[in-house]
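A short write-up of the structure that comes next.
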Amino acid sequence: MAMVVVVTESVPPRLRGRLAVWLLEVRAGVYVGDVTRRVREMIWEQVDVLAEEGNVVMTWATNTESGFDFITYGQNRRMPIELDGLRLVKFTPETD
């Protein structure tokens, strides 16, 4: 099992309710828990189906150089990139 953190923005209430089944909502839209890889993947399947126009990031502890990995869903100014084997976050310019 590994620590998982999910942060949501502008997602439908049904996804928030679904996440609350497996994870603890410690702040509005911020969920944490200690789950197996299989449960983590199942949670992400729910995000993929239910997030609609919202955006979500999920991060979890793993055996990598940084000690964690993450995945994102939806439009966001923060975009994941790979640099020399590390996953980093790149900020895109604001659009009006």
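Because the structure is predicted, anything quoted here is derived from the model rather than measured.
Within the 4.5 Å cutoff, side-chain heavy atoms of Leu15 are placed close to those of Val47.
Counting non-hydrogen atoms of other residues, nucleotides and ligands closer than 6.0 Å to CD of Gln75 gives a total of 12 or fewer. The number of heavy atoms from other shown groups lying within 6.0 Å of CD (Glu65) does not exceed 12.
Every pair passing side chain to side chain donor-acceptor pair (under 3.5 Å) that includes a residue from residues 15-24 is listed here, sequence neighbours excluded: Arg16-Glu25, Arg16-Tyr31, Arg18-Gln46.
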- Query: Can you list the steps and then say if Phe70 with Met58 is a side-chain contact (heavy atoms from CB on, under 4.5 Å)?
  - Reply: CA-CA 5 Å; Phe70 65 96; Met58 175 188 280; over 6 Å; no
- Message: Apply side-chain contact (heavy atoms from CB on, under 4.5 Å) to residues Asp84 and Leu86 and explain how you reach the verdict.
- Response: CA-CA 6 Å; Asp84 294 332; Leu86 289 175; 5.8 Å; no
- Message: I'd like to know whether Glu45 forms a salt bridge (charged side-chain N to carboxylate O under 4.0 Å, His left out) with Arg40, so could you lay out the CA-CA distance, the side-chain angles of the two residues, the decisive distance to 0.1 Å, and finally the verdict.
- Response: CA-CA 9 Å; Glu45 288 174 9; Arg40 184 184 78 230; over 6 Å; no
- Task: Test side-chain contact (heavy atoms from CB on, under 4.5 Å) on Trp60 and Val5 and set out the steps.
- Result: CA-CA 6 Å; Trp60 60 93; Val5 178; over 6 Å; no
- Start with the C-alpha distance between Val4 and Thr59, add both sets of side-chain angles, then the distance that settles side-chain contact (heavy atoms from CB on, under 4.5 Å), and finish with yes or no. CA-CA 6 Å; Val4 171; Thr59 186; over 6 Å; no
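What you find for Tyr73 and Ala51 is that their closest heavy atoms are CE2-CB, 3.2 Å.
A distance of 12.0 Å separates CG of Leu24 from CG of Leu19, quoted to the nearest 0.5 Å. If you take CG on Asp34 and CG on Leu23, they are separated by 10.0 Å, rounding to the nearest 0.5 Å.
Clustering of Ile, Leu, Val, Met, Phe, Trp and Tyr side chains at separations under 4.5 Å leaves Met1 isolated, with no partner residue.
Every side-chain contact (heavy atoms from CB on, under 4.5 Å) that Ile81 has, sequence neighbours left out, goes to Leu88, Lys90. Residues satisfying the side chain to side chain donor-acceptor pair (under 3.5 Å) test with Glu41, not counting sequence neighbours, are Arg37. Applying the salt bridge (charged side-chain N to carboxylate O under 4.0 Å, His left out) rule to Asp69 yields the partners Arg87; only residues at least two apart in sequence or on another chain are considered.
In the hydrophobic clustering of ILVMFWY residues, with side-chain heavy atoms under 4.5 Å counting as a link, Val11 and Val57 come out apart. Linking Ile, Leu, Val, Met, Phe, Trp and Tyr residues whenever their side-chain heavy atoms come within less than 4.5 Å places Val21 and Ile43 in a single cluster. Note on Trp44 and Leu50: same hydrophobic cluster, where clusters join Ile, Leu, Val, Met, Phe, Trp and Tyr whose side-chain heavy atoms are under 4.5 Å apart, directly or indirectly. Linking Ile, Leu, Val, Met, Phe, Trp and Tyr residues whenever their side-chain heavy atoms come within less than 4.5 Å leaves Met3 and Ile71 in two separate clusters.
Remark: the backbone N or O of Val39 is paired with a side-chain donor or acceptor of Thr36 at under 3.5 angstrom. At distances below 3.5 Å, at least one donor-acceptor pair connects side-chain atoms of Ser66 with backbone N or O atoms of Phe68.
Side-chain atoms of Glu9 and Asn55 form a donor-acceptor pair, as typed in the model, at a separation below 3.5 Å.
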